[in-house]
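Convention: sequence-line order gives letters A, B, ...; per-chain numbering from 1.
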Amino acid sequence: MDLKLLHDWNVTPQEAVALQNSLRERLVLRAPSGLRVSRVAGADISTERGNDTGYGAFVVLDAESLAPVSQQGAEAPLGFPYVPGLLSFRELPVLAAAWMRLESAPDLLVFDGQGTAHPRRMGIACHGGLLFGVPSIGCAKSLLVGSHGPLGEERGATAEIRHRGEVIGMAVRTRRGVSPVYVSPGHLMDLPTAVEWVLRLSPRYREPETTRHAHRLVNVLRRQAHGGLQGDVCGQWGRAWSP
DNA sequence: GCGACAG
DNA sequence: ATCTTGTCGC
């Protein structure tokens, strides 16, 4: 797939902040009327300590059955440090490489991180949505900024995430008895629709199936590129080779 | 100035 | 995010 030419990725943290403030004006925080989603993809990356190599991937699922229909991964130097608030500058380059290998674009993208629930309202889901030109949602495991009140224990319970007087996202309980996930729109998306999709994509576990599949794939890519022939071969052969 | 801080 | 074994609970 192709992607938008937004800006240079070889930037300093200071320049990255300026870019976020500029890119924010291009965001469309409204879901396209009559949005039809038949293919939804999850994106994620993994890396190793003391190494700048990153492994990124997209796993596309059938929106109805949530069964994987295609996937693509890539390996590349991350080239940007992890700085709270600038995650997209570290993760999007390698994801862009994987994106270009996809045969067709999914109708919706789910990122492992924030959308508008970000200090400058430009989390990785917003940046990624603009880069790939697809409706996107941010679904994070923890908060970056903002706070929320208590929410019910039942699956589907929600609580608004507020920051500086604005509602920037929603804490969503995707499963009873587990901590909530933090949902916010990325691009071409609104909060209610984002919450609705995250719940639909998380019928059984805390995190969306999209995120779970992408997370599993990038870890397989990292391990097989690194060495260790473990992980899934173990499941088929048990410990047959062990003494 | 101090503490917080997606992955 | 990653480093790591066992362990508590449904």
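For residues 179-196 of chain A, every residue pair satisfying the salt bridge (charged side-chain N to carboxylate O under 4.0 Å, His left out) rule, not counting sequence neighbours, is listed here: A:Glu196-A:Arg200. Counting only residues at least two apart or on different chains, the ring-ring contact (aromatic ring centres under 6.0 Å, His included) pairs with a member in residues 175-200 of chain A are A:His148-A:Tyr182. Annotation: side-chain hydrogen bond (donor to acceptor under 3.5 Å, both in side chains) contacts involving residues 110-139 of chain A, sequence neighbours excluded, comprise A:His7-A:His127, A:Gln20-A:Arg120, A:Ser88-A:His127, A:Asp112-A:Lys141, A:Arg121-A:Glu166.
Contacts of A:Glu75 classified as salt bridge (charged side-chain N to carboxylate O under 4.0 Å, His left out), with partners at least two apart in sequence or in another chain: none. A:Asp44 is linked by a salt bridge (charged side-chain N to carboxylate O under 4.0 Å, His left out) to nothing, counting only residues two or more places apart in sequence or in another chain. With sequence neighbours excluded, no residue satisfies side chain to side chain donor-acceptor pair (under 3.5 Å) with A:Ser147.
Look at A:Asn219 and you'll find a side-chain N or O under 4.0 angstrom from OP1 or OP2 of C:dT2.
Here A:Arg222 lies in heavy-atom contact (under 4.0 Å) with sugar-phosphate atoms only.
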For residues 95-105 of chain A, please give each side-chain donor-acceptor pair under 3.5 Å, one per line with the distance, not counting sequence neighbours.
| from | atom 1 | to | atom 2 | distance (Å) |
| --- | --- | --- | --- | --- |
| A:Trp99 | NE1 | A:Asp2 | O | 2.8 |
| A:Arg101 | NH1 | A:Gly73 | O | 2.9 |

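Without hydrogens or angle criteria, A:Thr47 side chain to A:Thr53 main chain gives a donor-acceptor distance under 3.5 Å. The closest donor-acceptor contact from the side chain of A:Asp107 to the backbone of A:Ser38 lies under 3.5 Å. Side-chain N or O atoms of A:Arg206 include one that pairs as donor or acceptor with a backbone N or O of A:Ser179 at under 3.5 Å. With hydrogens and angles disregarded, no donor-acceptor distance shorter than 3.5 Å links the side chain of A:Arg176 to the backbone of A:Arg155. The backbone N or O of A:Met189 sits nowhere less than 3.5 Å from a side-chain atom of A:Thr193 that would complete a donor-acceptor pair.
Here the rule is side chain to side chain contact (heavy atoms under 4.5 Å, CB included) with A:Phe111, and of A:Ile124, A:Thr210, A:Thr211 only A:Ile124 fits it.
In this structure, OH in A:Tyr55 is found 12.0 Å from CZ in A:Arg223, a value given to the nearest 0.5 Å.
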Check the interface with nucleotides 7-10 of chain C: list each N/O to N/O pair with the protein under 3.5 Å, or write none.
none

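Pairing each heavy atom of A:Leu61 with each of A:His213, the nearest pair is CD2-ND1, 4.0 Å.
Only at 4.0 angstrom or more do the heavy atoms of residues 181-193 of chain A sit from any atom of DNA chain B, so none qualifies.
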Exercise. Would you write out the dot-bracket form of DNA chain B, 5' to 3', with Watson-Crick and G-U pairs under 3.5 Å, [ ] for crossing pairs, | for pairs to other strands and . for unpaired bases?
Worked result: .......

Exercise. How does each nucleotide of nucleotides 1-7 of chain B score, in 5' to 3' order, for protein heavy atoms under 4.0 Å: base (B), sugar-phosphate only (S), or none (-)?
Worked result: ----BBB

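DNA chain C contains no stems of three or more consecutive Watson-Crick or G-U pairs with both distances under 3.5 Å.
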